[in-house]
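Report on the following structure.
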Amino acid sequence: MEKISVAVRFRPPNPVDADSSPAGAGGVGDREWRIDDTRVSLLHRVAGPVPGASFAFDHVFDGAATNERIYGTLVRELIGAVVGGFNGTAFAYGQTSSGKTFTMNGSDADPGIIPRAVRDVFDTVRQADYREFLIRVSYMEIYNEEINDLLTIEGQKLRIHESLERGVYVAGLREEIVNSAEQVFELLQLGEANRHFGETNMNVRSSRSHTIFRMVIESSGKDQADCGDAIRVSVLNLVDLAGSERIMKTGAEGVRLNEGKYINKSLMILGNVIKKLSENGKQRGHIPYRDSKLTRILQPALGGNAKTSIICTAAPEEIHIEETRGTLQFASRAKCISNCAQVNEILTDAALLKRQKLEIEELRKKLQGSHSEGLEQVVLKLRNDMHKSELERDRLAMELEDERKLRMTLEQHLTEQQKKLEAISSDHFTDSIQLDALKTPDSKSVPDGFVACRSRYSQDVEFSPIPEDLDNIAHEDLWTCLNKGCVTDLDMLEMTPGLKREASFLQDTPSAVPLDEPTDTRCQRLEKECISDRQKLEESKARCSTLEKECDVLRDENLSLQQELSESKRQADSLLAEKQAQLDDLRAKCAALEKDLYTARQEAHRLATEKQELAGELGTERQKLDELKQDIRVISRGFLQREGQLTSLYTKSKAILENCKTSQVATLP
Ligand code: ADP
Ligand code: MG
């Protein structure tokens, strides 16, 4: 277990804020912060120390501290650990305009934590030449509780997933494999341009989102015999949080107000998580990591498997005393948290380095002997292509999974609707039978409609709906009155099982009829019964039409669900086809690239052979040249000898001539 390292950094006083302090010009108010190396206390100029406002930390920096010093004290060691396989996180927390971004990014003259960390990672990796490294980076922001990829504008509203192999991760986030600090800086610049900046009264370039810059470092021993198959995978998170703000003070409204609320809410949840983590182990209870995207992403860094440094930035002016006090309380709680960091070694295929190793080895072999200058660049590009297609495949698999789930839900819904529909239809069916039985067709349209055939059950009172005292051939008026012209098939009536209610209603009648009832009274009674029957009929009709309407609604719903389902199926299919095409395209590109590489290697090999041949020829030519030179030397030596002989001959003949001339002169008279 290891405590989180927490420091507090006060920025230099800002003349604008100092002027608005209660005591007016010069910013000298009644209270001020006294800053020592490890302690911050609030002092009242007259009354002395303010009770309950003194805080102790590992390090406290005043406005004179440079980013270099902050980095050296809090982060340098962390970077060494990250390259060695530990997870690491550094983040800046504080109110808007207190210096978080300055601490993380810095200026040209005094670069901040991020650029220094990036350089250090590559320097450390270079020194560890007994290991092979693969580094990839990503850059995201959380804006209004939505995760956006800063390295690509397509990556908006990304979702957090969790798997056994990868832990908590942001699905679909672009990751770029890099092999130099300069490459990372270019990506950071690209990301910076996509960040959401707003303008509040407090800070003209106030950042409105939390940004998380992430480096994933994988490494394995170059000598496999020493290190087995294990690959170390560590994650470095460098986080620049959006600043908390008091809405009254910033004067934010509309979009800015909304953003402010999201920022404050997620910082509040971060505070809650920190508070819970700082509580005594047993009383700790549930840690609400899942309440915000920020805490979910930072989960391993907070009380988990990571080494963590927090820099709490604060404004020294009196008008910010309350915010500064809040920041100091946050920092005090944070320093109580213990993390349990360990080197992450994995043996599964989850490590990208492991998956790419074989392919890279093959490529290396292919490229060996080729004198291509951009060799490293080609390898890097291939690595990135491979990784991208892997990420894309993961994303597609996830989308497909979502689609499948959606389809299953829809299908389930559909089945339920169908069941409902069937239930309603069968009700409806029963009702229609009842309705048919009670229907009163126009008597005039049924010529023999006034004769009811007594059933074979007619002797049995239990089964006969017709009063026993009625004759086989009924009196027409009575029948019209009773049945309104309905021709009743009595056998049918008795045998229809669904007619229980009506049957009992009809069966009730005969038993209630006194045998000696006068015809008038009977007529009146029957009329009344008729009216009541009609009422029941109307009610039944109304119920039926309601059911029919319900049925129609369900049918429409069913239809639209079916359409939705087929549309989603169609979309999933086309998405799949599109992605498959992209994948094929990518594969084709990869294959083309490999082919190019192969051709380049062949060409290089041919050139090398040619060079060798030329070198051979050159050797022969040189030898010949040497021989020629030798010949020339021999010839010139002979020439010199001849020349010497000629000169002496010439001298001799000249002397002879002189002698001759002299003797001639002497012999003349
Ligand atoms: P935040 O990110 O917390 O909202 P910034 O980092 O943007 O705040 O800082 C606000 C302003 O204060 C910027 O102009 C920044 O340059 C300046 N500033 C902050 N901290 C320092 C510091 N330690 N030294 C010099 N200037 C600073
Ligand atoms: Mg900022």
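Counting starts at 1 for both ligands and their atoms, in listed order. Below, all heavy atoms of this structure are taken into account, side chains as well, without hydrogens, waters or symmetry copies.
Listed by chain and number, the residues in a ring pair (Phe, Tyr, Trp, His ring centres under 6.0 Å) with F55 amount to none (sequence neighbours excluded). Taking Y93 as the reference, F330 meet the ring pair (Phe, Tyr, Trp, His ring centres under 6.0 Å) condition, with sequence neighbours excluded.
Residue side and main chain included, T101 places an N/O/S atom under 2.8 Å of the Mg ion (ligand 2).
With atom 9 (O) of ligand 1 as the reference point, the heavy atom nearest to it among A242, G99, A314 is part of G99. Taking each of G106, G112, S97, S107 in turn, the one with a heavy atom nearest to atom 10 (C) of ligand 1 proves to be S97.
Of the polar atoms of T313, none of the N or O atoms is found under 3.5 Å from an N or O of ligand 1, judged by distance alone. Inclusion of F102 in the set of residues having an N or O under 3.5 Å from an N or O of ligand 1 is warranted.
Listed by atom number, the atoms of ligand 1 under 4.0 Å from Q95 heavy atoms are 3 (O). Listed by number with element, the atoms of ligand 1 under 4.0 Å from a non-hydrogen atom of P12 are 21 (C), 22 (C), 23 (N), 24 (N), 25 (C). Those atoms of ligand 1 that come under 4.0 Å of a heavy atom in R9, given as number and element, are 23 (N). Of all atoms in ligand 1, numbered sequentially from 1 with element shown, those under 4.0 Å from a heavy atom of T96 are 4 (O). Residue K100 has at least one heavy-atom neighbour below 4.0 Å for each of these atoms of ligand 1: 1 (P), 2 (O), 3 (O), 4 (O), 6 (O), 8 (O).
E68 is listed as a side-chain neighbour of R116, based on a closest heavy-atom distance under 4.5 Å. The shortest distance between side-chain heavy atoms of V40 and L328 falls below 4.5 Å. L298 is not listed as a side-chain neighbour of V273, based on a closest heavy-atom distance of 4.5 Å or more.
Within 6.0 Å of atom CD in Q189, 12 or fewer heavy atoms from other residues, nucleotides or ligands are found, so the atom counts as exposed in its surroundings.
Defined by atom type and a distance below 3.5 Å, a donor-acceptor pair is present between the side-chain atoms of S219 and R131. In the model, S338 has a side-chain atom that pairs as donor or acceptor with a side-chain atom of K3 under 3.5 Å.
Between S98 and ligand 1 there is a heavy-atom distance shorter than 4.0 Å.
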